[in-house]
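Worksheet: one structure, shown below.
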2 protein chains.
Amino acid sequence: MTSLERLCQERGLSMSRQRRLIIRVLSEARTHLSAADLHQRVTELDPDISLATIYRTLTIFEEEGVLKRLDFGDRKMRYEQADKEPHDHLLDTTDGSVVEFQAPEVAALLATIAARLGYRLDGYRLDVFASPDDSRAESARACVTAVQPPAKRPRSRHHHHDGREHSAPGR
Amino acid sequence: MTSLERLCQERGLSMSRQRRLIIRVLSEARTHLSAADLHQRVTELDPDISLATIYRTLTIFEEEGVLKRLDFGDRKMRYEQADKEPHDHLLDTTDGSVVEFQAPEVAALLATIAARLGYRLDGYRLDVFASPDDSRAESARACVTAVQPPAKRPRSRHHHHDGREHSAPGR
DNA sequence: GTAGGTGCAAATCATTTGCCGGCGG
DNA sequence: CCGCCGGCAAATGATTTGCACCTAC
């Protein structure tokens, strides 16, 4: 039995044929899936599953703490198992792959900053955009979640200025 | 002349009646406005401006580096003047207000982390969720951008588990 | 047997676009 | 004058929901 199934049981969630399939696909996926991704894969195993069911199930699983919802900013939510070690995501801007990393310093720093402003840290949302440092081979390219790189829309017209992108990479 | 107008001129953007109004409203706003917010306010000054124009203008202004697009995760984009000092946003989870803050340590830390993973930092997207630390009065409540706090949808049912929320506030 | 789960289609919501007449430089 | 600009309405795309039927426990 997969850990996801176990999680569902612990939450007392009833298991239908479609939920079992959804869990199976999620368990086998090595990337963060969106509702559409999931629907496509589940449909291959059983063509009679509605997208609405996928959405309803994902929503319930998230509310029950079985899944965690991810928002990489490309307007489609992704999901990952909720009981993993807390981590953040680095998005490779060259191919949309996602690397998970643990860095407790981040939360620590943000807590400090929040305190400095008179607040108590409740949580945060962070996406790190980065490109491979060609000065050496990548250690372990993992989670290839096809996140469309934060590219500018093709819309062009004139063009008088230089191109400063993204949010403050800071000096 | 406002700095936004100046920015537009520098970019060689043509100024129509509607663009002038949009710039005026943006300049007067002390919060981060969404297209709908902007449209509502502009409409009060001139009822004949289409939402499509608002969107097209915001898009162009962003492409031209006049405005910066913000995504607070509530599926509506907000905008702020692009020539401000680089900063991040702290979202007050109790009332949706937004506090801007500068913290070069963040970019520095993320650059270090990226390097550790074999990447070069291109940029990042960060939202800090926090609640007022009641142990003292807030210094200066500023930008009250009504961002709907990352609250769980009302959808309730059973409830067997404890409630761990948000992304890793870290241990 | 009954509350909860599911399929289907229609509805939302933010945002985009085609078309076409009108204005700015 | 001419190409960019703006209005309107229809189109998108992700996600949600109303309704009636079906099934897990």
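Just the heavy atoms: all of them, side chains too, but no hydrogens, waters or symmetry mates, feed the values below. Proteins come first, then strands; the chains are lettered A, B, ... in the order of their sequence lines, and each starts at number 1.
- With sequence neighbours excluded, the residues forming a side-chain contact (heavy atoms from CB on, under 4.5 Å) with A:Ser27 are A:Thr2, A:Leu4, A:Ile23, listed by chain and number.
- A:Asp46 meets the side-chain contact (heavy atoms from CB on, under 4.5 Å) test with A:Arg17, A:Leu21, A:Asp48, A:Ile49; sequence neighbours excluded.
- Side-chain to base pairing of A:Arg20 with C:dG5: no donor and acceptor N or O lie closer than 3.5 Å to each other.
- Listed by chain and residue number, B:His32, B:Lys68, B:Leu70, B:Lys84, B:His87, B:His89, B:Glu100 satisfy the side-chain contact (heavy atoms from CB on, under 4.5 Å) test with B:Glu80 (two or more places apart in sequence, or in another chain).
- Looking only at side-chain heavy atoms (C-beta outward), A:Gln81 and A:Ser3 come within less than 4.5 Å of each other.
- Per the geometry, CG belonging to A:Leu38 stands 14 Å off P belonging to D:dA14, to the nearest Å.
- Salt-bridge formation is not detected for the pair A:Asp71/A:Arg69: no Lys NZ or Arg NE/NH1/NH2 atom is positioned less than 4.0 Å from an Asp or Glu carboxylate oxygen.
- For the pair B:Arg56 CZ and D:dC4 P, the interatomic distance rounds to 14 Å; values are reported in whole Å.
- When the side-chain nitrogen and oxygen atoms of A:Ser16 are compared with OP1 and OP2 of C:dT6, one or more of them lie within a distance under 4.0 Å.
- Remark: A:Glu28 pairs with A:Arg24 by the salt bridge (Lys or Arg N to Asp or Glu O under 4.0 Å) rule, at least two apart or across chains.
- When distances run from any side-chain atom of B:Thr53 to the nucleotides C:dC8, D:dG6, C:dG25, the shortest one goes to D:dG6.
- Atom NE2 in A:His39 sits about 14 Å away from atom C1' in D:dA14, given to the nearest Å.
- Note: CD (B:Gln18) to C1' (C:dC23) measures 9 Å, nearest angstrom.
- Residue B:Met15 contributes atom CE, which lies 15 Å from atom C1' of D:dG6 at whole-angstrom precision.
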Atom pairs, protein N/O to nucleotides 10-15 of chain C N/O, distance under 3.5 Å:
unit_1, atom_1, unit_2, atom_2, d
C:dA14, O3', B:Arg75, O, 3.2
C:dT15, OP1, B:Met77, N, 2.7
C:dT15, OP2, B:Tyr55, OH, 2.6
C:dT15, O5', B:Tyr55, OH, 3.4

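- Between A:Ser50 and C:dT6 there is no side-chain N or O to OP1 or OP2 distance below 4.0 Å.
- Regarding B:Asp48, its CG atom lies at a distance of 13 Å from the P atom of D:dG6, rounded to whole Å.
- In this structure, the CD1 atom of B:Ile23 is 15 Å from the C1' atom of D:dG6, given to the nearest Å.
- One cannot find a donor-acceptor pair under 3.5 Å joining the base of D:dG6 and the side-chain atoms of B:Arg19.
- Residues forming a salt bridge (Lys or Arg N to Asp or Glu O under 4.0 Å) with A:Arg6 (at least two apart in sequence, or on another chain): none.
- One interatomic measurement links the two molecules: CG of B:Leu58 to P of D:dC5, which rounds to 14 Å at whole-angstrom precision.
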